[in-house]
Q: 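Dumping the structure here so I can ask a few things about it.
Predicted model only: the values in this text are computed from it and were never measured.
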Amino acid sequence: MENNNNNNNNNNNNKNEISRRNFFKIAGTTAVGTTAAIYGCKPDNKSSMTGGSADEVPTDKMTYRINPNTGDKVSLLGYGCMRWPLRQKADGNGEEIDQDAVNELVDYAIAHGVNYFDTSPVYVRGWSETATGIALKRHPRDKFFIATKMSNFSDPSRQASIDMYNNSFKVLQVDYCDYYLMHNIGPGEGIATFRKRFIDNGILDFLIEERKAGRIRNLGWSFHGDVKVFDYVLAMDVKWDFCQIQLNYQDWQHANSVKNVRVKNVNAEYLYGELVKHKVPAVVMEPLLGGRLARIPSQALSLMREVRPESSAAQWAFRYAGTPENVLTSLSGMVYIEHLQENIRTHAPLVPLNEQEYKTLDKVTEILIDSDYIQCTECQYCMPCPYGLDIPGTFGHYNRCVSAGKILKNANDENYKKARREFLIGYDRSVPKLRQANHCTNCNKCEPKCPQRVEIANEMQRVDLYAERLKQNLDF
């Protein structure tokens, strides 16, 4: 399979091969990336992901964790491939993966010690595996671990699931997968949905046989949702090599405390503790909650700076996620080189949190759970909307304004005119008018897909009402 894919990969040109000159250019400490401008609301507290020191990015100090099942030496910073950079097609008709940018990001990551790459057949509109495979194929196979998933949400039939599995190997251009996951266990009808996707169709048995054959080196699953499903799967008579859970300082003990979600999530403290009991390594997703923990309100950021003035909010969150010893790797979707550089610095080496810092984050969490954030991580699982709405774009704009402290309470608020203008202009620039919240029909087709259990229709209505009041200069 691998030899056939080699012939099909890049035989039309050698554009994707690494030249010695280009490799050292991107592996150097002065690599420059293009950061997309955020229109409208910008946090005055400067707590963006690109904060922190501009010191040299080390190439030989990455923190690694040893997988007890295979002995894999895994970088504590893992690369989440759910948000690869996009660009307009040459003919102007839609978007495509910016493969050159992906190649440079992957090359830089590997040169600085990152070796775990997490993708899925459904990420980036279905393009992620192909783009990730092209970028990684240019490196020796022993330089990286690839993780991908059985994302058989729409068609859990046995044949469709096996076809998805085989296609992952084809587009990733590998003949074995280091880490393979049953994707997003927990939503839907709980255990019944899990059984339909993996038990009744024989797919779990199939994956276990694939592990025996060596095509899967580590078999695990990712979890969102009903804790009964988590307990059920963990208790099965199956040797689980790892499990991917949402872990961050807000969700540790307060996953059930956030507002405006229809079904509560499970505290990470419980999930992590159960994995420790069963001796199953944890892979962490959403250490930044879709970036929200990198753009926290100024009141919360000031608490951090009293203790550690030089650190960004993102660095605090990553250090929290990486401190527990049973965490094998912590995933971050890094679209810009600045994000990648800061995250490498944070993990090279990672400095564990101390008691004072844990207490500070407890206070920060109290502020966050009382805020007006919409609990969206912009994962895009809800997309595409059947009516063409940009749900994550709408929520992302609103949340950026929450982070900046620019959500108005009444028309007498200080800087009302400026904040009103920034929100409305930023909204139009971030989300085309035909894709904004006022076009939501409340069809609720998106809500079952949301890992965070956000009441999407209600939250779209909240954004729409807020925008309309601003447009009409109404009081709140």
Q: For Asp251 and Asn248, does a side-chain donor sit closer than 3.5 Å to a side-chain acceptor?
A: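 Asn248 and Asp251 do have a side-chain donor-acceptor pair below 3.5 Å.
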Q: Tell me the closest heavy-atom pair linking Leu293 and Ala317, and the distance in Å.
A: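 Shortest heavy-atom separation between Leu293 and Ala317 comes out as CB-CB, 4.2 Å.
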Q: Enumerate the residue pairs fulfilling salt bridge (Lys or Arg N to Asp or Glu O under 4.0 Å) with a member in residues 119-133, sequence neighbours excluded, ordered by first and then second residue.
A: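 Pairs touching residues 119-133 that pass the test: Glu95-Arg125.
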Q: With side-chain contact (heavy atoms from CB on, under 4.5 Å) as the test, would you mind laying out the steps for Arg400 and Ser430 before giving the verdict?
A: CA-CA 11 Å; Arg400 284 192 291 273; Ser430 300; 3.7 Å; yes
Q: To the nearest 0.5 Å, what is the distance between CE on Met164 and CD on Gln159?
A: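 Rounded to the nearest 0.5 Å, the CE-CD separation comes out at 12.5 Å.
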Q: Would you mind reporting whether Pro392 and Cys382 have side-chain heavy atoms less than 4.5 Å apart?
A: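 Result yes, sub-4.5 Å side-chain heavy-atom pair found.
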Q: Would a line drawn from the ring center of Tyr358 to the ring center of Tyr249 be shorter than 6.0 Å?
A: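 Ring centroids of Tyr358 and Tyr249 are no less than 6.0 Å from each other.
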Q: Just by distance, do the side chain of Asp390 and the backbone of Val431 share a donor-acceptor pair under 3.5 Å?
A: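 Checking the backbone N and O of Val431 against the side chain of Asp390, no donor-acceptor pair under 3.5 Å is found.
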Q: Among Val364, Leu368, Ile296, find the residue that satisfies the side chain to side chain contact (heavy atoms under 4.5 Å, CB included) test when tested with Gln250.
A: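 Single side chain to side chain contact (heavy atoms under 4.5 Å, CB included) partner of Gln250 among Val364, Leu368, Ile296: Leu368.
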Q: What is the distance from atom CD1 of Ile66 to atom CG of Asn69, rounded to the nearest 0.5 Å?
A: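 Interatomic distance, Ile66 CD1 to Asn69 CG, rounded to 0.5 Å: 12.0 Å.
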Q: I'd like to know if the side chain of Asn115 reaches the main chain of Ser75, judged simply by a donor and an acceptor atom lying under 3.5 Å from each other, with no hydrogens or angles considered.
A: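 Yes; at least one donor-acceptor contact below 3.5 Å.
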Q: Between Val124 and Leu86, does the side-chain contact (heavy atoms from CB on, under 4.5 Å) criterion hold? Intermediate values first, please.
A: CA-CA 9 Å; Val124 198; Leu86 304 176; 3.8 Å; yes
Q: Is there side-chain contact between Leu105 and Tyr336, with at least one heavy-atom pair below 4.5 Å?
A: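 The answer is no, as the side chains (C-beta and beyond) never meet within the 4.5 Å cut-off.
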Q: Atom NE2 of His347 and atom OG1 of Thr63: how far apart are they, to the nearest 0.5 Å?
A: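 His347 atom NE2 to Thr63 atom OG1 measures 7.5 Å (nearest 0.5 Å).
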Q: For residues Ala314 and Glu342, report the shortest heavy-atom separation together with the two atoms involved.
A: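 Taking Ala314 first and Glu342 second, the nearest heavy atoms are CB-OE2, 4.0 Å.
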Q: Can you tell me how far the CD1 atom of Ile245 sits from the CD1 atom of Ile185, to the nearest 0.5 Å?
A: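 That separation rounds to 14.5 Å.
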Q: Heavy atoms, side chains only, cut-off 4.5 Å: are Thr193 and Pro187 in contact?
A: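 In short, these two side chains do not touch, never coming nearer than 4.5 Å.
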Q: Give a yes or no on whether the ring-centroid distance for Tyr79 and Tyr116 is below 6.0 angstrom.
A: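 No, too far apart.
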Q: Between Tyr108 and Val114, is the side-chain contact (heavy atoms from CB on, under 4.5 Å) condition met? List the steps.
A: CA-CA 9 Å; Tyr108 193 94; Val114 177; over 6 Å; no
Q: Which pair of non-hydrogen atoms, one from Thr59 and one from Ala111, has the smallest distance, and what is that distance?
A: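 What the structure gives for the nearest pair is CB-O, 3.7 Å.
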Q: Any idea which heavy atoms bring Ser161 and Asn201 closest together, and the distance?
A: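 Shortest heavy-atom separation between Ser161 and Asn201 comes out as OG-ND2, 4.2 Å.
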Q: Are the charged groups of Glu209 and Arg211 less than 4.0 angstrom apart, N to O?
A: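 Looking at Glu209 and Arg211, the cut-off is not met.
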Q: Could you report the tightest heavy-atom contact between Arg158 and Gly202, atom names first, then the distance?
A: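 Heavy-atom minimum between the residues: NH1-O, 3.4 Å.
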Q: So does Asp178 pair up with Arg141, basic N to acidic O under 4.0 Å?
A: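 Counted as a salt bridge, because a side-chain N and a carboxylate O are separated by less than 4.0 Å.
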Q: Pick one: which of Phe230, Phe194, Phe198 meets ring-ring contact (aromatic ring centres under 6.0 Å, His included) with Trp221?
A: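 That would be Phe230.
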Q: Is it the case that Tyr270 and Asp231 place a side-chain donor and acceptor less than 3.5 Å from each other?
A: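 Note: Tyr270 and Asp231 side chains meet the donor-acceptor criterion.
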Q: May I ask you to check whether Phe144 and His139 place their ring centres under 6.0 Å from each other?
A: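 No, the ring centres sit 6.0 Å or more apart.
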Q: Leu350 and side chain to side chain contact (heavy atoms under 4.5 Å, CB included): which partner among Lys61, Met62, Arg319?
A: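 For Leu350, the side chain to side chain contact (heavy atoms under 4.5 Å, CB included) test succeeds with only one of Lys61, Met62, Arg319, which is Arg319.
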Q: First locate atom CG of Leu353, then atom OH of Tyr320, and finally report the distance between them rounded to the nearest 0.5 Å.
A: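 If we round to the nearest 0.5 Å, Leu353:CG and Tyr320:OH are 8.0 Å apart.
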Q: I'd like to know whether NZ of Lys277 has more than 12 heavy-atom contacts from other residues, nucleotides or ligands below 6.0 angstrom.
A: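 No.
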Q: For a quick test of reading the model, state the closest non-hydrogen atom pair linking Glu56 to Arg345 and the distance between them.
A: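 Here Glu56 and Arg345 meet closest at O-NE, 4.1 Å.
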Q: With side-chain hydrogen bond (donor to acceptor under 3.5 Å, both in side chains) as the test, pick out the partner of Ser332 among Asn343, Asp118, Thr346.
A: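 Of the listed residues Asn343, Asp118, Thr346, the side-chain hydrogen bond (donor to acceptor under 3.5 Å, both in side chains) partner of Ser332 is Asn343.
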Q: Verify, without hydrogens or angle tests, whether Arg295 (side chain) and Asn399 (backbone) share a donor-acceptor contact under 3.5 angstrom.
A: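 Such a contact is absent between Arg295 side chain and Asn399 backbone.
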Q: Quick one: does NZ or CZ of Arg215 land under 6.0 Å from the six-membered ring centre of Phe169, within 45 degrees of the ring axis?
A: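 Yes; both conditions hold, so Arg215 lies above the ring face of Phe169.
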Q: Check the orientation of Tyr165 and Tyr180. Use parallel for under 30°, tilted for 30 to 60°, and perpendicular for over 60°.
A: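 Perpendicular, since the angle between the ring planes exceeds 60°.
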Q: Does a side chain donor of either Asn184 or Ser222 reach within less than 3.5 Å of an acceptor in the other side chain?
A: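 On atom types as modelled, these side chains do not qualify, holding no pair under 3.5 Å.
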Q: Counting only N and O atoms by type, is there a donor-acceptor contact under 3.5 Å from the side chain of Gln99 to the main-chain atoms of Ala131?
A: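 Checked: pair present.
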Q: Using a strict threshold of under 4.0 Å (side-chain N to carboxylate O), is an ion pair present between Asp72 and Arg65?
A: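 A salt bridge is absent here (no side-chain N lies under 4.0 Å from a carboxylate O).
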Q: If you define the side chain from C-beta out and look only at heavy atoms, does anything of Tyr179 sit under 4.5 Å from Asn67?
A: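 Heavy-atom side-chain distance check passes, below 4.5 Å.
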Q: Does Asp91 have more than 12 heavy atoms from other residues, nucleotides or ligands lying within 6.0 Å of its CG?
A: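 More than 12 within 6.0 Å, yes.
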Q: Under a 3.5 Å threshold, yes or no: a donor from one side chain and an acceptor from the other, between Thr148 and Ser120?
A: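 Result is no, nothing qualifies.
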Q: Do the side chains of Leu247 and Pro287 get nearer than 4.5 Å, heavy atoms only?
A: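 Of all side-chain heavy-atom pairs linking Leu247 with Pro287, none is under 4.5 Å.
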Q: Given side chains that start at C-beta, do those of Pro121 and Asn152 come closer than 4.5 Å, heavy atoms only?
A: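 Counting from C-beta outward, Pro121 and Asn152 never come under 4.5 Å.
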Q: Can you check side-chain contact (heavy atoms from CB on, under 4.5 Å) on Leu271 and Leu275, steps first, answer last?
A: CA-CA 6 Å; Leu271 302 177; Leu275 294 180; 5.6 Å; no
Q: Can you find a pair of side-chain heavy atoms, one from Lys149 and one from Tyr123, that are under 4.5 Å apart?
A: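 When only atoms from C-beta onward are counted, Tyr123 and Lys149 do touch, with a gap below 4.5 Å.
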Q: For a quick check under 3.5 Å, do Trp252 and Thr365 share a side-chain donor-acceptor pair by atom type?
A: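 Per modelled atom types, Trp252 and Thr365 side chains form no pair under 3.5 Å.
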Q: Can you confirm whether the side chains of Ser128 and Thr119 place a donor and an acceptor under 3.5 Å from each other?
A: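 Yes, a side-chain donor-acceptor pair sits under 3.5 Å.
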Q: Roughly how far apart are Thr360 OG1 and Met304 CE, rounded to 0.5 Å?
A: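 Nearest 0.5 Å value for the OG1-CE distance: 8.5 Å.
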Q: Applying side-chain hydrogen bond (donor to acceptor under 3.5 Å, both in side chains), can you list everything that pairs with Tyr398, at least two apart in sequence or on another chain?
A: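 Residues passing side-chain hydrogen bond (donor to acceptor under 3.5 Å, both in side chains) with Tyr398: Arg462.
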Q: For a 4.5 angstrom cut-off between non-hydrogen side-chain atoms, does Trp240 reach Leu219?
A: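 Yes - at least one pair of side-chain heavy atoms lies under 4.5 Å apart.
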Q: Is a donor from one side chain sitting under 3.5 angstrom from an acceptor on the other, for Gln253 and Glu269?
A: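 Distance-only check passes for Gln253 and Glu269.
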Q: Please report the C-alpha distance between Arg308 and Glu310 in whole Å, then the side-chain angles of each, then the deciding distance to 0.1 Å, and finally whether the salt bridge (Lys or Arg N to Asp or Glu O under 4.0 Å) criterion is met.
A: CA-CA 6 Å; Arg308 201 175 177 91; Glu310 74 282 4; 3.6 Å; yes
